[in-house]
Amino acid sequence: MVDVAMPEIVTGSFAPIKWLLWPPSSLRIVDWNINRGLQLQGVIDFLGAANADILILQEADLNARRTHRLNIAEEIARKLEMNYVFGREFEELVQGSKSSPAYHGQATLSKWPISNPRLIRFSRQSHFWQPHWFLPRIEPFQERLGGRIALVTEIDVAGSKLVTYNLHLESRESDDLRLSQIEEVLSDAACRGSQCPVIIAGDFNLDASKDAAARAFLTAGFQDAIGAPRTPTTPSRRLFEPGRQIDWAFIRGPIRAGSGQVHSPVKASDHYPISFALTA
């Protein structure tokens, strides 16, 4: 059970200590909106087979009725022997109770130590999710308390620091609002030195290869880590509603990305995982 006064950030350590004197030649990164962990075994099966060093996950449940009251991030971290940080995005009012609230948010997992986790709770938010007196407390309305976040972590890879920004941008508003949330992240990342490796990844709910979003990342010195143009990261919903390319990963600093892939055959979520290899 989760205490009512749960902190905004929850951590756990399940990775064995590594005694490497220098960083490995490459790191494998997976970014994925896991749809609350509703198909948890399928999520774990894919992530275990991927053997990634760092996982950047969105829509992870904690103590929600729909996912059997589990801490989804901790379940994955324990099974895969990784460290994890969970950032609380929303309290899910329909999924818990006053004595045992349920939460929903982002999780970053790593085979390496994670330090200095924090949240950027975006200054501009949609009011779509807020509870209203005229709406019943039932699942279709998804009434929530909280707001969209970026989960920021520092990962120590054998003495070298890698900074990750785990994003979940608003789904119920315009691209203008989503762009403002991107700009908050880019402004924060600008405070890091140019020689600090940075990953910005997550569910953007927009096509970041177009228009103002693409210009913002380019101006800030970031490069697309996947390099799979016009490849949907969500399945099609109807005959005339194709999948969307809304899950992205960008990198900056003295690092290169390769082997980018959208894992379209994976059906354990309503988003496909994306992955890439990171080299110095």
Side-chain angles (χ1 to χ4, degrees), residues 15 17-32 47 50-58 82-85 87 106-120 150-169 179 181-204 208-209 212-229 231 233 245 247-263 273-280:
I17 297 174
K18 293 178 177 288
W19 297 105
L20 297 181
L21 297 178
W22 50 82
S25 58
S26 68
L27 297 173
R28 192 74 188 164
I29 316 296
V30 171
D31 171 78
W32 194 9
L47 294 176
N51 193 29
D53 298 277
I54 298 170
L55 307 176
I56 299 173
L57 308 179
Q58 301 83 50
M82 303 180 80
N83 305 312
Y84 84 92
V85 173
Q106 278 114 276
T108 299
L109 291 77
S110 171
K111 293 181 177 179
W112 305 87
I114 304 175
S115 61
N116 301 321
R118 60 186 174 88
L119 302 185
I120 300 172
L151 171 61
V152 189
T153 61
E154 297 176 7
I155 299 176
D156 181 355
V157 183
S160 295
K161 182 172 70 174
L162 174 67
V163 179
T164 67
Y165 289 81
N166 183 344
L167 277 59
H168 192 187
L169 305 184
L179 182 62
Q181 295 174 341
I182 288 172
E183 288 173 341
E184 281 194 63
V185 172
L186 293 176
S187 177
D188 191 273
C191 298
R192 310 279 180 172
S194 62
Q195 294 304 300
C196 177
V198 177
I199 300 172
I200 297 177
D203 178 356
F204 288 17
S209 68
R215 290 194 298 272
F217 279 104
L218 182 63
T219 301
F222 282 85
Q223 297 179 328
D224 177 11
I226 306 300
T231 303
T233 60
Q245 189 173 16
D247 301 272
W248 294 86
F250 291 88
I251 62 168
R252 191 200 69 188
I255 49 178
R256 298 187 301 274
S259 304
Q261 186 176 354
V262 178
H263 298 268
I274 61 175
S275 71
F276 60 97
L278 201 62
T279 58

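Since this is a predicted model, take the numbers as computed values, not measurements. Every heavy atom of this structure was used, including side-chain atoms; hydrogens, water molecules and symmetry mates were not. Residue numbers start at 1 and run along the sequence shown.
With respect to I155, the side-chain contact (heavy atoms from CB on, under 4.5 Å) criterion is satisfied by exactly one of V85, N116, I54, D53: I54. M82 pairs with exactly one of T108, L47, L109 by the side-chain contact (heavy atoms from CB on, under 4.5 Å) rule, that one being L109.
V163 and E154 get closest at one heavy-atom pair: CG2-CG, 4.2 Å. Between R28 and A52 the shortest heavy-atom distance is O-CB, 3.5 Å. Residue A150 comes nearest to L167 through the heavy atom pair CB-CD1, 4.0 Å, listed as atom of the first residue, atom of the second, then distance. Between K161 and R192, the shortest heavy-atom distance links the atoms NZ-NH1, 4.0 Å. Of all heavy-atom pairs spanning V30 and A50, the tightest one is CG2-CB, 4.2 Å. Looking at every heavy atom in both residues, Q58 comes nearest to D203 through OE1-N, 3.5 Å.
Between I114 atom CD1 and T164 atom OG1 the span is 7.5 Å, to the nearest 0.5 Å. Separating the CD atom in Q261 from the CD1 atom in I274 is a distance of 11.0 Å, to the nearest 0.5 Å. Atoms CG and CZ, from L218 and F250 in turn, are 10.0 Å apart once rounded to the nearest 0.5 Å. Put simply, CD1 on I56 and CG on L151 are 9.5 Å apart, with the number rounded to the nearest 0.5 Å. With values rounded to the nearest 0.5 angstrom, S259 atom OG is found 12.0 Å from I29 atom CD1. Here D31 contributes atom CG and I199 contributes atom CD1; the two are 9.5 Å apart, rounded to the nearest 0.5 Å.
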Can you list the steps and then say if L186 with I200 is a side chain to side chain contact (heavy atoms under 4.5 Å, CB included)?
-> CA-CA 9 Å; L186 293 176; I200 297 177; 3.8 Å; yes

Before giving the answer on side chain to side chain contact (heavy atoms under 4.5 Å, CB included), spell out for D188 and R118 the whole-Å C-alpha distance, their side-chain angles and the decisive distance to 0.1 Å.
-> CA-CA 12 Å; D188 191 273; R118 60 186 174 88; 2.6 Å; yes

Apply side chain to side chain contact (heavy atoms under 4.5 Å, CB included) to Y165 and V198, showing your working.
-> CA-CA 8 Å; Y165 289 81; V198 177; 3.8 Å; yes

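Between L162 and L27, the closest side-chain pair of non-hydrogen atoms falls below 4.5 Å. The closest side-chain heavy-atom distance from S209 to W248 is below 4.5 Å.
Proximity of a side-chain donor or acceptor of Q223 to a complementary backbone N or O of A257 within less than 3.5 Å is not detected. In this structure, N166 contributes its side chain and L57 its backbone to a donor-acceptor pair below 3.5 Å. A distance-only check finds a donor-acceptor pair linking the side chain of T233 to the backbone of D247 [under 3.5 Å]. The closest donor-acceptor contact from the side chain of D156 to the backbone of W112 lies at 3.5 Å or more, if one exists at all.
Ring planes of F217 and F204: parallel class, angle under 30° (limits at 30 and 60°).
Checked against side-chain contact (heavy atoms from CB on, under 4.5 Å), I255 has the following partners two or more places apart in sequence or in another chain: P197, I251, L278.
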